[in-house]
Number of protein chains: 2
Amino acid sequence: MTPKLHLHIDERSGVPVYRQMMDQIKYYVAGATLRPGDQIPSIRELAAALAVNPTTVVKAYTELEREGVIEKRHGKGAFIAPEAPSLTQAEQEDALRRSAKQLAVEATQMHVPTPKVITVVREELSALGPVRGDESEPVKFAVMVGGH
Amino acid sequence: MTPKLHLHIDERSGVPVYRQMMDQIKYYVAGATLRPGDQIPSIRELAAALAVNPTTVVKAYTELEREGVIEKRHGKGAFIAPEAPSLTQAEQEDALRRSAKQLAVEATQMHVPTPKVITVVREELSALGPVRGDESEPVKFAVMVGGH
DNA sequence: TCCAGTGTTTGATAACAACCAAACAGGCGG
DNA sequence: CCGCCTGTTTGGTTGTTATCAAACACTGGA
């Protein structure tokens, strides 16, 4: 019902916070960590955890609802929609490739050798990897704020 | 004098355009593709190439000048400053790691296996790699607009 | 019934990003 | 001197992002 989530909000990135929230919830749906019926953090709870204004969360949730990803239920909370449209295979690949490209561009411009890039990517994956595994255990929400 | 540059502006990223321009010029300086004295595209030229408003380029250049990275010379153009402060090793690593982390977060949330991630990164690096090599040849500026 | 938690709504403020138009001014070569 | 390139400056408009404050309304359990 309440899988363990990690929302990484990078304020320095320049990407609107509400968009980062939207994207990552969609990624969780795509990865099936969040499934139809699952409850997600309440507006005030998420706002408090991320130290942002509640209206910012409202914006993200409202937009996600407009896209059919979630449902907001007055007095009850917010949930993954029964027929939440998941990202297609192509869209997932696109999202991944966009980030990979951004990385590649920077690395190329700074003349960072490929092996070094790969190493860093592996390190960052490892740093996040151990988190998943026990998806059955109903845990409280863990929201990560961070950037670096 | 005028090395071949590739500025990748991703409008969908949410990152302000003027900031993307600033960052990437700094990366080129860090990678020594751009060296002190090198001329960079004129405001109007870059604006035209990227199809953005000249004032946006002015903003980026003005800020870069404020940071001591470039010098704008009235009537002549813009150049890398004689003592342009390059990113420290740590700052370069941070920048790279920030992008890598973003990639790792997405991959983890979407449950994309590590080998797949590595493959995509290698592909994107390869797609950009062939570009560099002949840094001696004075070529006209090539500015790439793109995102995906 | 009460109450705590939940989503809903409104209006205002502030800062930022980008666009657009137009004019002004320095550098340089023909 | 003229023309064309260059950066400079101004003023305004538009839309977005995020904050803040306050009140209203639904749900469910004690």
So, using side chain to side chain contact (heavy atoms under 4.5 Å, CB included) as the criterion, who are the partners of [X] when residues are at least two apart?
{"X": "A:A81", "answer": "A:E71, A:A84"}
{"X": "A:T119", "answer": "A:E123"}
{"X": "B:V17", "answer": "B:I9, B:M21, B:V52, B:T56"}
{"X": "B:K116", "answer": "A:E93, B:V112, B:P113, B:V120"}

Interatomic distance, CD1@A:I40 vs CG@A:L46, rounded to 0.5 Å, equals 8.0 Å

Which pairs count as salt bridge (charged side-chain N to carboxylate O under 4.0 Å, His left out) when at least one residue sits in residues 47-61 of chain B, sequence neighbours excluded?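 Counting only pairs at least two positions apart or across chains, no salt bridge (charged side-chain N to carboxylate O under 4.0 Å, His left out) contact touches residues 47-61 of chain B.
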
What pairs with B:Q24 under side chain to side chain donor-acceptor pair (under 3.5 Å), at least two apart in sequence or on another chain?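 So B:Q24 forms a side chain to side chain donor-acceptor pair (under 3.5 Å) with A:Q109.
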
Any residue meeting side chain to side chain donor-acceptor pair (under 3.5 Å) with B:S13, in chain and number order, not counting sequence neighbours: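 Here the qualifying residues are B:Q20.
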
With B for base contact, S for sugar-phosphate-only contact and - for none (protein heavy atoms under 4.0 Å), nucleotides 25-30 of chain D reads BBSS--

Any residue of residues 15-26 of chain B with a heavy atom less than 4.0 Å from an atom of DNA chain C: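 Going residue by residue through residues 15-26 of chain B, the ones with a heavy atom under 4.0 Å of DNA chain C turn out to be B:P16, B:V17, B:Y18.
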
Is A:R98 paired with B:E106 through a side-chain N to carboxylate O contact shorter than 4.0 Å?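 A salt bridge is absent here (no side-chain N lies under 4.0 Å from a carboxylate O).
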
Report, one pair per line, the protein and nucleotides 10-13 of chain D atoms (nitrogen or oxygen only) whose separation is under 3.5 Å.
none

ILVMFWY cluster membership beyond A:V15 - transitive side-chain contacts under 4.5 angstrom: B:V15

Heavy atoms of chain B, cut-off under 4.0 Å: which first and last nucleotide of DNA chain C, 5' to 3', fall inside that, if you could look? C:dA17 to C:dC28

